[in-house]
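Presented below is the structure to which this report refers.
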There are 2 protein chains.
Amino acid sequence: MLSKRTKYGLKALAALARTNSRTPLQSSTIARDEGISVKFLESIMLNLRKAGYLGAKKGKGGGYYLMQDPKDIPLTDIIRLLEGPIALVPCVSLNYYEPCDDCRSEESCSIHRVMLKVRDSMLDVFRTHTVADLI
Amino acid sequence: MLSKRTKYGLKALAALARTNSRTPLQSSTIARDEGISVKFLESIMLNLRKAGYLGAKKGKGGGYYLMQDPKDIPLTDIIRLLEGPIALVPCVSLNYYEPCDDCRSEESCSIHRVMLKVRDSMLDVFRTHTVADLI
DNA sequence: CATTTAACCTATCGACTTAATAGGAAATAC
DNA sequence: GTATTTCCTATTAAGTCGATAGGTTAAATG
């Protein structure tokens, strides 16, 4: 299950991608439109901005705007940023690899191979879809 | 990420599938071999037995054994039993459907369509692989 | 029949995570 | 200089998860 953090982040990006106007969108209006806690969304937006996906403008008429074309933001990037590993087991994660503490070796682990396949099939979807596909 | 409950359950099933002998396997030996807490594994085995995947025999020489051919146990079944929904969002789950509390409608939800694709691609792997593939 | 073995059952606990909340500081527009 | 909006830190309530404890029940064995 995806965390609400990730879910909200994706929805916020989609909202920003939908408004192709130049004026920034405020986190409070996004929160209202999407049914998200304002403060919680704020922290997510901050996260996305620090990672370079969003720009921000303070004060009246301020808000957030996309720094890149939605087509150029694959979902893998956002999910890895907000959610963490995509893999179902740490030992098959590309970006968050960790050895499993219960396995003596990965070759002897019975679920390793299948989990690799699952990871690849999930990656296939997340890599080939971008924020633009959320519109 | 898969819960340890599911992970351990799959590994235990794999261990049972590997021993094609008629003598049952005890949860304590599986726990030792796989590096799992004995008591925790016990509760998982009980779960698998009640669902009909395992048979159990008490007393000396007792233990657990598979009730079906490993080839006939798709991983979807085990994961749904031990983990719950496979989908990343409740509103695209086949067996554990729930409407998302933040979405006003599923058509208007920006991530709905992509999450459907992810679910299908995960299901594709889990449905076409069985416990026999874990050996 | 007594003893051992291993499954079965219930309850509880500590650690961790998550989503949300609170309260303000810093910057910008007017 | 006032209103607005982002930015930052801290805290908390609730929930989950893995593990542990302490037994009861059923079966095999001598």
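Chain letters run A, B, ... following the sequence lines, proteins first and then strands; every chain starts at 1.
Between the side chain of A:Ser93 and the main chain of A:Pro90, no donor-acceptor pair closer than 3.5 Å is present. Formation of a donor-acceptor pair under 3.5 Å by the A:Tyr96 side chain with backbone atoms of A:Arg80 is found in this model. No donor-acceptor distance shorter than 3.5 angstrom exists from the side chain of A:Arg119 to the backbone of A:Val89, with no hydrogens or angles considered.
Straight-line distance from the CG atom of A:Leu46 to the P atom of D:dT9: 9 Å, rounded to whole Å. As a whole-Å value, the separation of A:Lys4 NZ from C:dT18 C1' is 10 Å. The separation between A:Phe40 atom CZ and C:dT21 atom P is 10 Å, rounded to whole Å. Nucleotide D:dC7 holds its P atom 12 Å from the CG atom of A:Leu41, rounded to whole Å. Distance B:Ile30 CD1 to C:dA7 C1': 12 Å, rounded to the nearest Å. In this structure, the CD1 atom of A:Ile44 is 9 Å from the C1' atom of C:dA19, given to the nearest Å. Atoms CG (A:Asn47) and P (D:dC8) sit 11 Å apart, rounded to a whole Å. To the nearest angstrom, C1' of D:dA26 lies 4 Å from NZ of B:Lys58.
When each of A:Ile36 and A:Glu42 is assigned the nucleotide of DNA chain C with its nearest heavy atom, A:Ile36 is the one assigned upstream, toward the 5' end. In terms of position along DNA chain D, the nucleotide closest to A:Gln26 lies nearer the 5' end than the nucleotide closest to the other residue of the pair B:Arg5 and A:Gln26.
At a cut-off of 3.5 angstrom, counting only N and O atoms as typed in the model, there is a donor on one side and an acceptor on the other between the side-chain of A:Lys39 and the base of C:dG23.
The shortest distance between the side-chain N/O atoms of B:Ser43 and the OP1/OP2 oxygens of C:dC8 is not below 4.0 Å. In this model, the phosphate group of D:dC7 is approached by a side-chain N or O of A:Tyr64 to a distance below 4.0 Å at OP1 or OP2. For D:dA19, the OP1/OP2 oxygens have a side-chain nitrogen or oxygen of B:Tyr8 closer than 4.0 Å. Put simply, A:Ser37 has a side-chain N or O that comes within less than 4.0 Å of OP1 or OP2 on C:dT21. Using a 4.0 Å cut-off, no side-chain N or O of B:Arg49 falls inside it from OP1 or OP2 of C:dA7. Between B:Ser28 and C:dA6, a side-chain N or O to OP1/OP2 separation shorter than 4.0 Å is absent.
Nearest nucleotide to the B:Lys57 side chain, out of D:dA28, D:dC7, C:dA7: D:dA28.
Other residues, nucleotides and ligands contribute over 12 non-hydrogen atoms within 6.0 Å of the CE atom of A:Met1.
Side-chain atoms of B:Met115 and B:Cys91, non-hydrogen and from C-beta on, never get closer than 4.5 Å to each other.
At the heavy-atom level, A:Lys7 lies nowhere under 4.0 Å from the strands shown.
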